[in-house]
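Per chain, numbering begins at 1; letters A, B, ... match sequence-line order. Note that the structure is a prediction, hence the values are computed from the model and not measured.
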Amino acid sequence: MSLFMKRNKPGVVFNTQILWRLNSTVAENKDEEEFRVLDILKKKDSRQKRIVRRAEVAPDRAEKMPTDQNWGNVWPGPRSFHPSSVPLPIRQGYVPKGQVPPGKKANAELMKIPNFLHLTPPVIKRQCEAIRKFCTEWPKLLNSEEAIDKHYPVEIITSDYCHASPTIRNPMARVVTLRIKLANLDLDKHAKDKFLRLVGDRYDEKTDLVTLTADRCPLRKQNLDYVNYLLTAAYHEAWTVEEWEKEKMEDDMEYYVWDNNQSKRNLIDWYHRVSGTEQVLSDEEYRNYDISSIPHAKEYKEAVSNLFNEGESEETIEKYGGTVRKLLGLPERTV
Amino acid sequence: MYSNIVIQRQWARLAGLFRTLSSLEGQKLPVGRKSIDGISPPVRISRSSTDILQALAATVGVDPTAPHFKYHDDPFLIPQSNYRKRAYALSAEAGRKAASWIRDEQSQLFTTREWDPPMKMKTPYHNADPPIDAFNPRPIYNDESKVTEEDLLYTIQNALLEDAIRVYQLLSASEGVNDDLKLALLQLLCFYNEKEPIAAEWLEERWFAAATRERQATTWRLGGLADKIFSAMDPKTPEAYCTVIQGMAKYYQAERAHALAQEAMEKGIPLSTSVYNALLSCVGFLKEGTTLRIEALKALLSQMNEQGISPNSDTLTSCLKSISAWGGGKALQTFALQIVAEFKQLNIQPGLSAYYYLLCLFCKERGPRIDVLTTILNDLEGRDSLEPTDAMDTHFFITAMGVCSEHLQNIDLADRVHALLMKDDNYRLVGDAYKESIYYRHLVSVACRHAPFEKTAQLLDTLIPNIYVPEPSVMEEIIKTLELAGAGDRLAEVWSQLVVFGLAKRVKLVERLLDALCNCYTYQDEEIKEKIRSAAADMLKFGQMVQEQNEPESRTPIQKLSASALTNIIELCADVKDKADESWEVVGEALARLRSEQASGLPSRPEVISSVAKKAATYGKPGLAATAVTYLAECGFEEATTACVETLGVMLNRPTDEVQTLLREPRSSLESSLHPSALVIAEAFHLAKTGAPIDSSASSESDSETSDDD
């Protein structure tokens with residue numbers, strides 16, 4: 001009989017079924033009758049007897065989940081990973097080669113990374129269906145990017161922020177950005193030139209976009225008004241021609257215009273000399289001279305302009321050389 | 001100048017055609033849902049600030065495996081029993097309460113911000129932007145505090161009853177209170193009968209508040225502050241009269257309420273509909289006897305008519321409340337139906353609370369079975385939404401389900417009631433934790449009794465344990481259902497459920513479960529049999545563990561499993577085909593307990609033990625077999641002799657006659673020739689036959705021998 005009792009000391013883990021787990025150990029001093037003595041040298045074997053108490057802990061709820069459940073109900077919102085609620089055999093973590101990454105339980109690697117368990121495709125679909133009733137129909141004629149660009153040339157970009165905090169304000173929300181394609185603005189050559197000088201590096205040549213950003217006012221509305229004002233003012237200013245702008249000399253030019261320069265005169269003079277019809281021309285006549293009558297003059301003009309505007313490079317120089325040979329009727333360069 | 005024209009045009013274009021990525025700008029053009037010209041945006045569909053959130057929330061359903069969201073979703077922290085559910089939720093709320101107490105006590109920490117040196121400047125601190133009132137510290141009023149009328153207004157508006165009374169007393173001692181505030185205070189006092197309500201902030205406390213059914217007893221505080229304020233008022237306004245009469249009627253001070261109403265009418269003071277409603281609901285306290293009461297009710301109604309006051313749905317509810325409180329009987333029932341019909345003519349639909357009173361009136365325990373519920377459900381299912389209007393509305397669903405389960409015993413109606421509760425957000429009408437639990441008790445028991453098994457199983461899977469934890473009586477019902485359906489695996493799981501629900505110490509339930517397990521054991525699959533065996537073994541160990549834990553402070557006696565239950569465990573665990581199986585240990589343990597008289601009563605099926613003894617002998621467990629037959633012999637069962645002979649036969653591998661002759665030999669010769677265990681069996685045989693051991697001195701000796709040998 002005593003034997004039967006012996007085998008059933010507390011703390012025996014039951015065999016086949018997980019009914020509950022052991023989770024805490026409680027120290028208990030058996031001989032409370034005795035006066036306790038400080039045992040410095042540990043003479044007596046006074047190791048405290050540990051009694052294991054078990055609390056009833058149910059198995060993971062992931063084990064009870066049916067396979068056809070609606071995952072959106074289980075994981076409705078963003079949340080850090082929890083192993084007992086996710087019925088997936090996930091592993092994560094760096095281990096030396098040949099070992100298996102640790103499983104999902106007590107795995108900090110899985111908890112650290114943001115997960116998208118709340119945004120599975122069926123859930124996204126369902127949510128879209130739910131908020132569809134708040135959406136209006138898309139205007140029919142705005143059916144392409146080009147149409148949108150044409151009818152809505154001005155783009156205003158703002159950001160809204162959402163926090164888990166009692167305040168709903170975010171200072172970044174005041175920033176307003178206005179974008180417009182330069183081609184959509186009605187500008188002539190002078191105005192365009194002046195506009196670009198005014199906006200400076202806010203113009204991006206690659207995309208042809210002018211981007212104006214305002215964050216100097218405390219409210220979004222004020223910043224919005226301000227970017228509108230900036231665009232309007234720059235536009236106005238681009239169209240006005242000041243008196244002093246007429247004083248602009250060849251040296252003030254920001255780029256090389258072949259028609260205004262000596263190169264054209266030389267070409268025309270040379271042409272006339274060669275064709276034997278030398279004549280004296282005024283500045284105006286030089287400028288408006290139609291060079292299409294001169295063979296290869298167009299190519300020459302381009303080559304010279306490029307050489308000045310883009311700077312000396314192997315390509316431009318080579319091109320210049322080639323056109324000059326053509327112009328003078330010399331054979332192609334052979335290396 | 002050319003620029004003027006161009007810029008005007010451009011400006012107009014810019015202004016009109018702003019396209020925004022944020023939602024608000026650029027949607028101001030008033031056009032229909034579709035864009036008029038195909039280019040400009042259509043008008044925005046108006047929505048409130050939370051509409052989208054609500055639409056998204058509506059896509060999320062219930063997850064039966066998850067606990068309520070107020071608990072942590074972690075196996076160690078998910079409460080599995082009713083006690084734990086309550087304790088966990090209330091503990092969390094106690095923490096919140098402590099925090100709010102500190103916030104109130106140390107309010108300066110939360111209203112001002114102290115800057116770092118050099119200036120040590122203090123500025124007001126805002127906890128939220130825009131400010132949230134609920135986060136602000138509550139003012140604390142004591143006898144020294146300087147109060148103004150604004151404080152009184154604040155306390156009244158926030159229903160801080162005790163504070164309001166204190167502020168009122170302070171104010172009236174110093175400067176007096178104006179009449180409007182006095183009236184407001186009177187209304188507050190009358191509504192709550194001068195008892196501080198649980199603040200709406202403490203959801204859990206309200207949810208778990210002991211929902212004892214409120215007694216219909218006079219609880220109105222006579223001569224309380226409300227009475228004093230009212231009698232001190234001069235002139236007494238109609239509002240004051242209405243307030244006091246309603247308060248008295250609400251707390252069943254019927255006679256004074258009616259007397260005051262009479263007084264008011266004599267003075268020509270007009271009374272409101274709600275005053276009449278309140279009077280109607282307590283009219284029964286004035287008269288004795290059904291007929292007199294009915295007459296009084298009718299008189300009051302006709303008085304309303306004379307005064308030109310039109311009734312509303314609360315009037316109907318009040319009438320039915322009165323009638324249902326007067327007992328049952330044909331007369332009252334027909335009268336109630338008449339009233340309902342008359343109100344229907346006035347186009348007043350009965351609300352949920354009216355239907356609750358009707359159910360109370362018609363579906364009495366031990367009364368005749370009357371099916372009013374079907375009609376009621378037909379009406380309610382036809383309505384768009386069920387808006388709670390009366391505090392008693394929360395009683396409807398629990399009563400309806402109770403009627404389904406106990407009065408009508410109809411699963412179809414129960415299904416309909418449940419579907420109605422689950423529709424839209426009708427679930428808020430379930431009331432509180434207590435009502436919810438009773439509701440599910442009724443639902444589960446009616447499903448267990450009357451629904452097909454698959455449906456019941458599905459219902460149990462969704463409800464238990466996160467929504468509802470069954471009480472012992474319901475658990476018994478469930479065990480019975482599972483036994484009838486022969487669901488062995490579910491029965492084996494029931495044991496672990498009993499443990500986590502904290503019901504495993506209830507011996508009656510465990511015994512019932514063991515019976516059920518034994519009854520459906522034979523036709524289960526091998527795998528399930530294995531599960532059942534381990535469950536049975538576990539029951540035995542659990543009993544022992546409880547005993548050991550409780551030993552130091554055994555104030556309450558621990559109930560022990562009965563002998564029949566132990567026999568059941570023995571029967572289940574002995575069904576193994578292997579000598580080395582651990583189940584034999586369990587069998588031994590159970591037998592030992594039987595022998596040492598730790599079990600109450602005698603086993604109802606001793607034949608089980610004899611067959612186990614034989615089986616143990618077959619599998620080479622002579623010690624077990626010996627213990628078994630000795631127990632049988634000691635208890636004086638008839639089966640003991642045959643069991644001894646057969647077991648010995650198996651053990652010695654000899655036919656029965658030979659064993660019989662062997663047993664007739666004297667003890668001394670047996671002692672030398674037989675194995676100690678066999679010797680014990682021989683002794684048991686003699687005990688069973690003669691009622692006394694062969695040699696009383698030798699008996700105990702050999703007993704200990706056997707144990708050691710095993």
- Taking C-beta and beyond as the side chain, do B/P42 and A/P139 meet within less than 4.5 Å on heavy atoms? yes
- Task: Report the distance from atom OG1 of B/T59 to atom CD1 of A/I124, rounding to the nearest 0.5 Å.
- Result: 11.5 Å
- Min side-chain heavy-atom separation A/I168-B/P130 under 4.5 Å: yes
- Message: Nearest 0.5 Å, please: how far is CD1 in B/I39 from NE2 in A/H151?
- Response: 3.5 Å
- Item | Atom pair NZ (A/K133) and CD1 (B/I52), whose distance is rounded to the nearest 0.5 Å | 9.5 Å
- Query: Any idea which of A/R126, A/K140, A/M65, A/H82 has the most non-hydrogen atom pairs under 4.5 angstrom with chain B?
  - Reply: A/H82
- Is it the backbone or the side chain of B/V60 that comes under 4.5 Å from a heavy atom of chain A, or both, or neither? both
- So which part of B/D51 gets closer than 4.5 Å to some heavy atom of chain A, the side chain, the backbone, both or neither? both
- Task: Taking atom NZ of B/K529 as the centre, report whether more than 12 heavy atoms of other residues, nucleotides or ligands fall under 6.0 Å from it.
- Result: yes
- Message: Are the side chains of B/V43 and A/T136 in contact, using a 4.5 Å heavy-atom criterion?
- Response: no
- Query: Near B/H68 NE2, under 6.0 Å, is it more than 12 heavy atoms from other residues, nucleotides or ligands?
  - Reply: yes
- Interatomic spacing from OG in A/S84 to CG in B/L77 - rounded to 0.5 Å: 10.0 Å
- Message: Please check this pair: side chain of A/N73 against backbone of B/G61, looking for a donor-acceptor N/O pair closer than 3.5 Å.
- Response: yes
- Task: Could you grab the distance from atom OG1 of B/T65 to atom NZ of A/K64, nearest 0.5 Å is fine?
- Result: 7.5 Å
- Within a radius of less than 6.0 Å around CD of A/E242, do more than 12 heavy atoms belonging to other residues, nucleotides or ligands occur? yes
- Query: Do the charged groups of A/R61 and B/D73 touch, with an N to O distance under 4.0 Å?
  - Reply: yes
- Message: A side-chain contact here means heavy atoms from C-beta on lying under 4.5 Å apart; do B/H126 and A/P166 qualify?
- Response: no
- Query: Below 4.5 Å, heavy atoms only, C-beta onward: do B/P41 and A/Y152 meet side chain to side chain?
  - Reply: yes
- Item | Heavy-atom contact with chain A under 4.5 Å, split by part of B/A58 | neither
- Note on the structure: Ranking A/I131, A/N70, A/V74 by heavy-atom pairs under 4.5 Å to chain B gives rank one to A/V74
- Which atoms of B/D74 come close to chain A, meaning under 4.5 Å heavy atom to heavy atom: side chain ones, backbone ones, both, or neither? both
- Task: Answer yes or no: does atom OH of A/Y161 have more than 12 heavy-atom neighbours from other residues, nucleotides or ligands under 6.0 Å?
- Result: yes
- Item | Interatomic spacing from CG in A/N170 to CG in B/D129 - rounded to 0.5 Å | 11.5 Å
- Task: Using a cut-off of 6.0 Å, state whether more than 12 heavy atoms not belonging to B/Q458 lie near its atom CD.
- Result: no
- Query: So which of A/R169, A/E129, A/Q127 has the biggest tally of heavy-atom pairs under 4.5 Å with chain B?
  - Reply: A/R169
